[in-house]
Each structure stands twice: as C-alpha cells, then as structure tokens.
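Notes for the one structure printed next.
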Amino acid sequence: MSSSALAPPRHVAIVMDGNGRWAKKRFLPRFFGHKAGVDALVKVVQACIDRDIEHLTVFAFSSENWKRPSDEVSGLMGLVLAAVSRYLAKMGAMGVRIRIVGDRDAVSDKLRNAWNEAESTTAHNTKLTLNVAFNYGGRWDIVQACKKALAAGVKPEDMSEAKLSEFMAMSYAPDPDLFIRTGGEVRISNFLLWQVAYTEFVFSDCLWPEFGERELDAAIAAFHERDRRFGGVKDAPVAA
Ligand code: IPE
Ligand code: IPE
Ligand code: MG
C-alpha cells in the first residue's frame, strides 16, 4: 500500500531548528533566518491541513532560548508580534485554531495580548490546531502540571499518569505520533518530554527555512514504516 493511502499521524510535533545556520550560509544576520522560518511555518501549516493532520505543535522559543544575545531575543519577540498581525486573519481563513503552550508570565504584555487575541479569534476553528510552544520547556510543563494538581487538591493516592496528564499544557490533544527535528541535531532540547513516551522520531538535516511539503512527506513516509508496538508484541497469539 502506498503511504499516502495510510492514515496520517494525528499529531505532528516539530522542533524548527536551523534558522541561524540557514542565515549564516547566506551571509545574513540570524534574524533573517527566523523570518524565513515563519514563512516556512505558514506553508507547513497548509501542508498539514492538506494531509488531514489534526494537531501541529511547533517549538518556537524554548525556556532556555533566553540565554541568547538580547538583540536576538528581542528580534524574535518582535518577529512573533509581527507574524501574529500579518498571519492571524489568514490562519483564521484556513480554519486553524491557534493555541499557545508555555509560560506566559515572562513575556511582554503586548505579546501576551497578541497570544490571547490569536487564541480567542481562532477558538472555533476545526481544521487544524496549531500549538505554538513559546517560552516552553518539557520540564516546565511537568512542574506546572504538578503545581496545578497540588493547588486543585489532588491527593497522593489519587495521583496517576492519567490524572497528571489532565494538568499538562496540552491536555486537550492526543500525544504526538510523529516528532520531527530539522537542523541536524539529534536531541529533544527540552521539548515535549512527558508527551513523547511513544512518539516516533524523525531527524532531518534540512534547515527549517528549507523544510516544505517534500520533507514533511518524507517524515510521514518514515513514520508509516515504523512498527509501533507500545510495549506489546505484534501478532501475539490470542490467549486461550
Ligand atoms: C531555531 O533555529 C529557532 C529558535 C530557536 C528560535 P536556531 O536559531 O536555533 O538556528 P541554529 O540552530 O542556530 O541554526
Ligand atoms: C530548540 O532549538 C528550540 C527551538 C527550536 C525553539 P535550540 O537551537 O535552542 O536547541 P539547542 O540549543 O541546539 O539544543
Ligand atoms: Mg538551534
């Protein structure tokens, strides 16, 4: 069977890495790599809609990215604000529901307001949920879930994997089926830690601004080749 006839992954998570190197190759400041990265994202969102993917979660800014030079950080913040005003209407027209996952406390009021607007104006859309992980860390997510569970009065005897999952930032989404990292590095860099217990990983040397439909299809084809056992065995004899 061709891979296109197979069910698509319901949830794809992407570490959009390699913007800086893409710019460097062109003797451009890193900012231009991030700018090209936004354009790549818009195309990939459409490609995911075309492939009936339900959730796309993208790593846009990690808890650790504050360590970057302040001009790069402020450039990124400005770029995100500009991207919201430039693409929000288009995303809405495409049927995209936008959700922001991450610690909003540390971002500016302006950006927080833009996030709120992006979420509220797209809340009714159903084609694809775009989860933007911003000021996000997998460890932050686990800690904030624990804090919320404690604040809600969850007792130790009632705590379970399913219970803690209810407090994770993306409790509304199924766990990712496919994790893609562009840019050639083979690591998670504190992206979704809790949620990737049984996710299939695909690492690509492609730099994020160059990632498009062809690379997405290659990752989905690799996903379809995987034998997902979730700890069980395939073709297990039926118990007598
Ligand atoms: C990823 O690209 C985007 C962000 C982390 C915001 P990088 O900026 O990490 O690009 P490289 O890895 O330096 O090429
Ligand atoms: C991960 O990329 C974060 C994002 C893509 C937003 P980094 O470039 O920050 O990761 P490291 O530093 O190579 O691990
Ligand atoms: Mg990087």
Side-chain angles (χ1 to χ4, degrees), residues 11-45 48 55-84 86-87 98-108 110-112 114-115 118 129-144 169-170 173 176 178-196 199 201-212 215-216 219:
H11 184 171
V12 175
I14 307 183
V15 178
M16 308 183 291
D17 196 23
N19 294 349
R21 279 163 284 164
W22 181 91
K24 195 174 175 196
K25 264 185 19 186
R26 286 161 180 76
F27 306 101
L28 292 168
R30 294 174 60 82
F31 175 79
F32 288 89
H34 298 312
K35 208 159 173 281
V38 174
D39 298 336
L41 175 59
V42 174
K43 289 188 192 132
V44 169
V45 168
C48 287
H55 281 271
L56 172 65
T57 302
V58 293
F59 208 5
F61 192 87
S62 78
S63 311
E64 290 74 35
N65 285 149
W66 297 104
K67 292 178 190 165
R68 295 189 177 202
S70 60
D71 62 336
E72 180 168 352
V73 171
S74 57
L76 276 164
M77 299 296 157
L79 186 61
V80 172
L81 269 173
V84 173
R86 179 160 177 213
Y87 290 113
I98 297 175
R99 299 291 298 257
I100 313 302
V101 287
D103 183 357
R104 297 182 199 212
D105 290 348
V107 305
S108 68
K110 228 174 165 184
L111 188 52
R112 208 173 9 257
W115 287 150
T129 301
L130 172 64
N131 306 293
V132 180
F134 198 92
N135 194 19
Y136 178 90
R139 289 181 172 180
W140 165 83
D141 199 357
I142 294 166
V143 170
Q144 70 80 31
M170 281 202 293
L178 172 60
F179 169 111
I180 301 168
R181 180 171 184 145
T182 62
E185 310 293 356
V186 185
R187 54 179 174 249
I188 295 189
S189 298
N190 197 17
F191 196 23
L192 311 158
L193 298 178
W194 175 268
Q195 298 87 346
V196 295
T199 300
F201 285 71
V202 171
F203 294 94
S204 164
D205 287 334
C206 175
L207 302 172
W208 174 250
E210 290 166 350
F211 190 90
E215 290 74 20
L216 179 65

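All ligand and atom numbering here is 1-based and tracks the order in the structure. Quick caveat, the model's predicted, so the values are computed rather than measured.
- Of the possible polar contacts, none joining the Thr199 side chain to the Phe179 backbone as a donor-acceptor pair under 3.5 Å is found.
- For atom 5 (C) of ligand 1, the choice among Met16, Lys25, Arg68, Glu185 with the nearest heavy atom turns out to be Arg68.
- Around the CZ atom of Arg139, the shell of radius 6.0 Å holds no more than 12 heavy atoms that belong to other residues, nucleotides or ligands.
- Checked against a 3.5 angstrom limit, the closest N/O atoms of Arg30 and ligand 1 fall inside it.
- Between Phe201 and Leu178 there is no side-chain heavy-atom pair separated by less than 4.5 Å.
- Listed by number with element, the atoms of ligand 2 under 4.0 angstrom from any heavy atom of Phe61 are 6 (C).
- Looking only at protein heavy atoms, the nearest one to atom 2 (O) of ligand 2 is Arg181 NH2, 3.6 Å.
- Listed for the Asn135 side chain is a donor-acceptor partner under 3.5 Å among the backbone atoms of Asp103.
- Considering Asn65, Asp141, Asn131, Asn190 in turn, Asp141 is the only one that fulfils the side chain to side chain donor-acceptor pair (under 3.5 Å) rule with Tyr136.
- Distance alone, capped at 3.5 Å, is enough to place a donor-acceptor pair between the Trp208 side chain and the Gly37 backbone.
- Side-chain polar atoms of Ser189 and Arg181 form a donor-acceptor pair below 3.5 angstrom.
- Looking at atom 9 (O) of ligand 2, its nearest protein heavy atom turns out to be Asn65 ND2, 2.9 Å.
- Using a cut-off of 4.0 Å between Lys/Arg side-chain N and Asp/Glu carboxylate O, Arg26 and Glu210 are scored as salt-bridged.
- Only the side chain of His34 comes within contact range of ligand 1, with a heavy atom under 4.0 Å; no backbone atom does.
- With a heavy-atom cut-off of 4.0 Å, Leu207 does not touch ligand 1 at all.
- Taking the Mg ion (ligand 3) as reference, Asp17 places its N/O/S atom OD1 nearest.
- The shortest N or O to N or O distance between Gly20 and ligand 1 is below 3.5 Å.
- At a cut-off of 2.8 Å, Glu185 is not counted among the residues with an N, O or S atom near the Mg ion (ligand 3).
- Taking every non-hydrogen atom of Val15 and a distance limit under 4.0 Å, the qualifying atoms of ligand 2 come out as 1 (C), 5 (C).
- Near Arg187, meaning under 4.0 Å from any of its heavy atoms, are these atoms of ligand 2: 11 (P), 13 (O), 14 (O).
- Nearest non-hydrogen protein atom to atom 6 (C) of ligand 2 is Phe59 O, 3.3 Å.
- Regarding atom 14 (O) of ligand 2, its nearest protein heavy-atom neighbour is Ser189 OG, 2.6 Å.
- Ligand 1 has at least one atom lying under 4.0 Å from a heavy atom of Gly18.
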* Determine, stepwise, if the pair His11 / Gln195 fulfils side-chain hydrogen bond (donor to acceptor under 3.5 Å, both in side chains). => CA-CA 11 Å; His11 184 171; Gln195 298 87 346; over 6 Å; no

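- Formation of a donor-acceptor pair under 3.5 Å by the Thr182 side chain with backbone atoms of Asp17 is found in this model.
- In this structure, Trp22 has its ring center at least 6.0 angstrom away from the ring center of Phe32.
- Ligand 2 does not have Arg21 within reach: every non-hydrogen atom of the residue lies 4.0 Å or more from it.
- Under a 4.0 Å heavy-atom criterion, Ala60 is in contact with ligand 1.
- When hydrogens are left out, the protein atom nearest atom 7 (P) of ligand 1 is Asp17 OD1, 3.5 Å; that is the closest non-hydrogen contact.
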